[in-house]
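Quick note: numbers below take in every heavy atom, side chains included, and nothing from hydrogens, waters or symmetry partners. Chain identifiers are assigned alphabetically (A, B, ...) following the order of the sequence lines, protein sequences preceding nucleic acid strands; residue numbering begins at 1 within each chain.
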Amino acid sequence: MSSSIGEKCTKIKQEYDGCFNNWYSEKFLKGDATPQCDDLFFKYKECLMQTLEEKKLDTLIADARKDNPFPNASSSSSSSKSESSSKKE
Amino acid sequence: MVKFYQHTSSFEHAWDNVTYAFWLRYPNPFASHVLGCDVLDRSVDPATGVLRTTRLILKKGVLPRWGRNLIKNVDTYIIEESVVDPRTHTMVTRTKNLNHVRVMQVEETQTFTVHPENSKWTQVKTEARIISELRWGLTGRVESFGINKFMDNSAKARKGMAHILERLRQNAAMAA
């Protein structure tokens with residue numbers, strides 16, 4: 001499993017990856033999309049968002065994500081909490 | 001200036017395994033330039049069952065000597081957006097670099113579908129756009145470098161995926 005861009009997040013990231021990989025192959029591909037790794041993802045993302053702010057990547061990412069690459073797929077991403085907190089302009 | 005690139009290839013592995021290998025593909029011996037890879041967002045659309053993921057990938061950059069004056073820190077951040085539709089067996093991934101975009105922007109789309117001639121194989125269509133906005137005569141050079149580098153990297157990426165797929169196959173054989 002690959003490292004996180006934030007060194008301190010690698011451990012929790014790999015834990016999450018392990019959970020996701022298992023879910024993807026054993027559940028999702030077999031037709032069961034019930035979420036399984038949300039708690040781990042939440043912890044991981046908390047760490048990651050700190051790193052992105054430290055590295056001043058948060059605005060760069062927010063800008064890049066403004067244009068939706070999949071306009072036909074309805075976007076259901078509701079996890080923009082951490083991004084909006086860093087928008088000061 | 002813009003350059004386009006298109007390529008279709010296939011893996012002699014089932015679509016399920018190829019899309020699984022996509023998540024596992026770092027690290028692999030052909031991707032030593034990948035320093036880190038993170039998941040920024042991930043959700044399943046309850047209406048369509050489509051898994052949507054946004055990842056951030058950090059790659060160690062390699063530049064020819066003439067390029068080192070253009071960019072001091074050559075590490076590149078790449079954003080990867082993907083959708084996986086398990087019902088239609090389609091995975092689409094889109095990547096683009098976040099920094100150094102004035103020198104060169106590479107946008108790549110890959111579409112993974114069941115191979116039309118063999119349902120146990122997977123077809124991969126790769127399309128890319130390489131754009132440079134440099135004005136002072138370097139544009140052509142940058143883009144030629146970009147397209148060559150891109151083709152090198154595509155070949156390496158395919159080898160990396162093949163490596164992971166072979167490992168999955170061996171694991172499955174051992175478990176059987």
Margin query: Is it the case that the side chains of K125(B) and Q6(B) hold a donor-acceptor pair, with the cut-off being a distance below 3.5 Å and no angle test?
Written below: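 Checked: Q6(B)/K125(B) side chains show no N/O donor-acceptor pair below 3.5 Å.
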Check: Should the ring pair Y5(B) and H7(B) be called parallel, tilted or perpendicular, given that the plane angle runs from 0 to 90° and is split at 30 and 60?
Finding: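 Rings of Y5(B) and H7(B): parallel, under 30°.
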For [X], is it the side chain, the backbone, both, or neither that has a heavy atom closer than 4.5 Å to a heavy atom of chain A?
| X | result |
| --- | --- |
| T53(B) | neither |
| L24(B) | side chain |
| T54(B) | side chain |
| I79(B) | side chain |
| V101(B) | neither |
| V39(B) | both |

Next item on the list: Counting only heavy atoms closer than 4.5 Å, note whether L48(A) contacts chain B via side chain, backbone, both or neither.
Entry: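 Contact with chain B is through the side chain of L48(A) alone.
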Which pair of heavy atoms, one from [X] and one from [Y], lies closest together, and at what distance?
| X | Y | answer |
| --- | --- | --- |
| I5(A) | C37(B) | CG1-N, 4.4 Å |
| S2(A) | K13(A) | OG-NZ, 2.8 Å |
| W15(B) | F112(B) | NE1-O, 3.1 Å |
| T126(B) | F150(B) | CG2-CZ, 4.3 Å |

Check: Taking every heavy-atom pair that is under 4.5 Å apart, which of L52(A), T51(A), T10(A), N21(A) has the most such pairs with chain B?
Finding: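 Of the options given, most contacts go to N21(A).
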Notebook entry, point to check: Taking every heavy-atom pair that is under 4.5 Å apart, which of S4(A), A33(A), P35(A), G31(A) has the most such pairs with chain B?
Noted result: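 Heavy-atom pairs under 4.5 Å are most numerous for S4(A).
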Margin query: If you take the centroid of each ring, where Trp contributes its six-membered ring, are F28(A) and W23(A) closer together than 6.0 Å?
Written below: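 Between F28(A) and W23(A), which both carry aromatic rings, the centre distance is below 6.0 Å.
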